[in-house]
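Take a look at the structure below.
For the numbers below, each heavy atom of this structure counts, side chains included, while hydrogens, waters and symmetry mates do not. Position 1 is the first residue of the sequence; numbering continues from there.
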Amino acid sequence: MPGQRNELPGARCAYEGIARVAPGTALRVEVESGQVTEHRYWDWSARLQRPASAHLPDIAAHYGEQLRQAVRERLQGWVLAHLSGRMDSTAVALLARDKVRAGFGVAPLHTLSLVYERLPVLARERPYIEAALRSQEGLIAHRLPADDWLDFANFAACPPHDEP
């Protein structure tokens with residue numbers, strides 16, 4: 001049957017006798033006994049917080065501070081930040097750059113971008129990548145040509161807005 005195949009949520013996978021590890025879960029394998037146990041270490045729904053204000057600028061400021069703190073916590077040693085030309089990875093990479101400039105982590109910050117020339121939708125990301133990198137002291141950019149890395153042969157009708 002042609003067309004896109006997405007995996008359903010849960011532990012099932014395509015291989016018999018193999019199960020997927022759920023997000024927020026770690027596996028512990030005792031080599032000698034062969035015992036495997038799962039440990040849930042993160043549950044996002046348990047950490048939901050009601051905003052202190054319904055005023056959008058207040059919510060944005062609070063979220064921005066949490067995001068900056070999360071980026072800072074992860075700046076340990078040499079860091080490579082994914083910079084895709086989309087808002088999320090670009091924002092995180094630039095926040096990391098600012099924190100490295102302020103003395104957190106090891107300078108310089110390296111960025112990794114997959115760049116496309118022949119795939120027209122993905123090629124539109126390139127100007128955003130270049131704009132983020134332009135005049136950005138403290139960043140070492142790594143661009144990887146990626147046109148030949150994607151295999152969409154299993155997708156009968158690839159959506160025009162994005163890669164699958």
Side-chain angles (χ1 to χ4, degrees), residues 4-13 19-28 37-116 119-147 149-150 152 155 158-164:
Q4 183 173 341
R5 302 286 182 266
N6 291 325
E7 292 188 44
L8 298 173
R12 292 184 58 198
C13 81
R20 293 188 309 177
V21 178
T25 304
L27 286 182
R28 180 182 177 108
T37 55
E38 287 188 33
H39 169 68
R40 183 132 178 116
Y41 66 89
W42 178 256
D43 180 6
W44 69 270
S45 63
R47 294 186 167 247
L48 288 176
Q49 296 177 359
R50 189 173 264 326
S53 166
H55 189 63
L56 188 56
D58 294 340
I59 294 170
H62 179 72
Y63 173 78
E65 185 51 41
Q66 288 188 317
L67 181 58
R68 281 186 282 285
Q69 179 63 30
V71 168
R72 183 176 156 229
E73 286 176 12
R74 284 153 183 84
L75 285 175
Q76 299 179 20
W78 294 96
V79 176
L80 174 79
H82 179 229
L83 193 135
S84 73
R86 299 287 177 115
M87 289 178 74
D88 52 355
S89 68
T90 303
V92 168
L94 296 179
L95 287 171
R97 178 215 53 205
D98 293 346
K99 292 296 182 187
V100 167
R101 284 181 178 171
F104 299 97
V106 177
L109 177 70
H110 292 256
T111 63
L112 177 67
S113 301
L114 301 180
V115 294
Y116 302 89
L119 297 173
V121 173
L122 294 175
R124 285 188 245 160
E125 294 180 2
R126 183 71 181 262
Y128 296 104
I129 292 168
E130 298 307 327
L133 294 171
R134 196 173 298 118
S135 302
Q136 300 295 339
E137 289 183 29
L139 290 180
I140 296 182
H142 302 275
R143 297 170 187 86
L144 301 177
D147 284 294
W149 292 1
L150 298 176
F152 294 152
F155 296 90
C158 185
H161 63 280
D162 203 355
E163 70 270 22

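Nearest heavy atom pair, residue T90 against residue G85, reads OG1-N, 3.5 Å. When all heavy atoms of A96 and L75 are compared, the pair lying nearest together is O-CD1, 3.9 Å. In plain terms, the two heavy atoms of I129 and L114 that are nearest each other are CD1-O, 4.1 Å. The two residues A93 and H82 make their nearest non-hydrogen contact at CB-O, 4.1 Å. Taking both residues in full, the closest heavy atoms of K99 and R68 are given as CE-O, 3.9 Å, listed atom of the first, atom of the second, then distance. For T111 against L80, the heavy-atom pair with the smallest separation is C-CD1, 3.7 Å.
Between the CZ atom of R143 and the CG atom of L112 there is a distance of 11.0 Å, given to the nearest 0.5 Å. Within the model, atoms CD1 of I140 and CG of L133 stand 11.5 Å from one another, a figure rounded to the nearest 0.5 Å. For the atom pair L122 CG and D147 CG, the distance stands at 8.0 Å (nearest 0.5 Å). Going from atom CG of L144 over to atom OH of Y116 covers 9.5 Å, rounded to the nearest 0.5 Å. Atom-to-atom distance recorded for T25:OG1 and R40:CZ is 4.5 Å, nearest 0.5 angstrom.
Relative ring orientation between H142 and H110 is described as parallel, the plane-to-plane angle staying below 30° on a 0-90° scale split at 30° and 60°.
D43 places no side-chain N or O within donor-acceptor distance of the main-chain N or O of G24, the cut-off being under 3.5 Å. Counting only distance, with no hydrogens or angles, the side chain of R74 and the backbone of A70 share a donor-acceptor pair below 3.5 Å.
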Passes side chain to side chain contact (heavy atoms under 4.5 Å, CB included), L67 versus L95? Steps please. CA-CA 9 Å; L67 181 58; L95 287 171; 3.6 Å; yes
